[in-house]
Structures are given as C-alpha cells and as structure tokens.
Amino acid sequence: MGRDSNLRLGYFIFFILLVVFALIELSISAWLTARYNSRKDFLSTTERDRVRFLLFCSIWTTVLSPVFPILLYLEQAAVLTNVAAHAIFLFVSWVFWLSGAAAITEALGGGLDCHLHFVYCGQLDALEGFAWMECVLLTVGFFSVLVIAVRAARRGDGYGGPVVS
C-alpha cells in the first residue's frame, strides 16, 4: 500500500468517525432538547441554550461532513474537494465544536457529579465528552489538511489541488 492509498483510507476513516461521533452527539442533544422543551426541567437557561448550540453543531457536522468524501469518491466538484475547501470547512467546524464543548463544560462546571442526582446527569456528561471528542478529531483533521496544503503548494498544485490523489 502506497502513501496515497494510506492517505485515501485515512481520509475516509476520519470522515466516518466525524459523522459517527456527530450522530451520537445529535441523538443526545436532540433528546435533551426535546425533554427541556416538554418538561422545562433544565438546571439553567444557560445549560439549555448550550445544549441547543451543540444540537446545531451536530446537525452541521452530520449534514455537511459526508459531502466531501462522497464528492471525492464520485470525482465531482473539484472546487469542494480541494485543500482550501477542506481547510475552511474543518476550521469553521472546529470553531463551532470548540465553542460548544467549552460552553457546555463551563455550564456544567467541568462535569457533573452524578452522585448528587442532577437531572440528566449521565446524558450531560456524555454530551460534554463527545463534544470534546469532536473537537479533538477536528483538530487532528485540520492540522492534517494543513500538512497536505503545504505539500500541495510545494508540488506546485497550490491550495486548489486535491486533498488526496
């Protein structure tokens, strides 16, 4: 297996993990939002709003992340499969997830002690954990794309070159 085939495999694994974690986050945050809307039993409006923001982040990632590997697989829309498009998408997603993860962490005081019987304690802790997982994954992905961008620029393709060959 050559370097290009390893890069292509890693590319698809990265986006699969990104979508899987986003779907988990989507299910937790959607369930919490539905509970908050029907029962009004959130700890604070700050917590409620931050859960809603993480719902937005997970929808954003779940809907937009599959577009890149699908277009790359079909070899369509070179504008969306180039290095610059990936860098922009990953950076914007990283900002969203970092903001959401930091916000929910601050709202929960760094995490909840479930022995104190908080409402939805386990779900909120899982929401926080998966938000940080998305943030870490996007950090790794963004810096990987930056390395690929430098290689593409040195090769003469510029930032409009493909992410994987």
Side-chain angles (χ1 to χ4, degrees), residues 9-74 76-77 79-149 163:
L9 178 63
Y11 176 84
F12 286 108
I13 289 172
F14 168 76
F15 275 100
I16 287 169
L17 287 173
L18 195 63
V19 171
V20 166
F21 287 138
L23 285 170
I24 293 168
E25 190 81 4
L26 174 68
S27 62
I28 296 169
S29 58
W31 185 82
L32 283 168
T33 300
R35 291 293 211 169
Y36 291 164
N37 289 341
S38 65
R39 296 184 179 191
K40 310 282 190 247
D41 57 355
F42 40 85
L43 295 174
S44 68
T45 55
T46 302
E47 172 197 315
R48 180 201 64 198
D49 294 342
R50 291 170 186 190
V51 168
R52 287 179 180 173
F53 181 69
L54 284 172
L55 177 61
F56 162 75
C57 292
S58 57
I59 292 170
W60 164 275
T61 304
T62 302
V63 170
L64 295 180
S65 289
V67 170
F68 291 95
I70 289 170
L71 290 176
L72 186 72
Y73 179 75
L74 297 174
Q76 300 292 320
V79 171
L80 290 178
T81 59
N82 66 29
V83 175
H86 278 79
I88 291 167
F89 170 73
L90 291 174
F91 180 74
V92 170
S93 298
W94 177 78
V95 168
F96 284 159
W97 280 105
L98 180 63
S99 301
I104 196 69
T105 300
E106 190 275 330
L108 300 177
L112 295 175
D113 183 6
C114 291
H115 299 300
L116 299 177
H117 305 291
F118 286 103
V119 179
Y120 312 124
C121 183
Q123 292 86 350
L124 288 167
D125 278 344
L127 187 76
E128 179 184 359
F130 280 107
W132 282 113
M133 286 295 296
E134 283 284 330
C135 189
V136 167
L137 194 57
L138 284 163
T139 302
V140 169
F142 180 68
F143 283 111
S144 298
V145 167
L146 288 181
V147 168
I148 292 168
V163 174

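- Checked against H86 for a ring pair (Phe, Tyr, Trp, His ring centres under 6.0 Å), the options F142, F91, Y11 give a single hit: Y11.
- Here CH2 of W31 is found 14.0 Å from CG of L55. Values are rounded to the nearest 0.5 Å.
- Atoms OG and CD1, on S99 and I104 in that order, are 13.0 Å from each other to the nearest 0.5 Å.
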Go through it in stages, so that I can follow the logic: the residues are F89 and S65, the test is side-chain contact (heavy atoms from CB on, under 4.5 Å), and I'd like the CA-CA distance, side-chain angles, deciding distance and then a yes or no. CA-CA 9 Å; F89 170 73; S65 289; 3.5 Å; yes
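- Between V145 and V83, the shortest heavy-atom distance links the atoms CG1-O, 3.8 Å.
- When all heavy atoms of L54 and A101 are compared, the closest pair comes out as CD2-N, 4.2 Å.
- Shown here is F143, whose CZ atom has no more than 12 heavy atoms of other residues, nucleotides or ligands within 6.0 Å.
- With contacts defined as side-chain heavy-atom distances shorter than 4.5 Å, the pair F14/L90 qualifies.
- Among residues at least two apart or in separate chains, salt bridge (Lys or Arg N to Asp or Glu O under 4.0 Å) pairs with a member in residues 88-112 are R50-E106.
- Identified under the salt bridge (Lys or Arg N to Asp or Glu O under 4.0 Å) test for residues 27-47, with sequence neighbours left out: none.
- One finds the OG1 atom of T33 at 9.5 Å from the CZ atom of R48 (value rounded to the nearest 0.5 Å).
- Rounding to the nearest 0.5 Å gives a distance of 11.0 Å between CD1 of I59 and CG of L23.
- Taking the side chain as every heavy atom from C-beta outward, F96 and S58 never approach each other to under 4.5 Å.
- Taking every heavy atom of both residues into account, P66 and V63 meet most closely at CD-O, 3.6 Å.
- Rounding to the nearest 0.5 Å places CD1 of I70 at 11.0 Å from CZ of F15.
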Let me have the donor-acceptor pairs involving side chains of residues 126-137, under 3.5 Å, with sequence neighbours excluded, atom names and distances please.
| residue | atom | partner | partner atom | Å |
| --- | --- | --- | --- | --- |
| E128 | OE2 | T105 | OG1 | 3.1 |
| W132 | NE1 | T105 | OG1 | 2.7 |
| E134 | OE2 | A22 | N | 2.8 |

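- With sequence neighbours excluded, the residues that form a ring pair (Phe, Tyr, Trp, His ring centres under 6.0 Å) with F42 are Y36.
- When the side chain to side chain contact (heavy atoms under 4.5 Å, CB included) test is applied to V20, the partners found at least two apart in sequence or on another chain are I16, I24.
- Within the structure, the salt bridge (Lys or Arg N to Asp or Glu O under 4.0 Å) test picks out no pair touching residues 19-29 (sequence neighbours left out).
- Each of D125, L124, V119 was scored for a side-chain contact (heavy atoms from CB on, under 4.5 Å) with C121, with one residue passing: D125.
- The CG atom of L26 lies 10.0 Å from the OG1 atom of T61; values are rounded to the nearest 0.5 Å.
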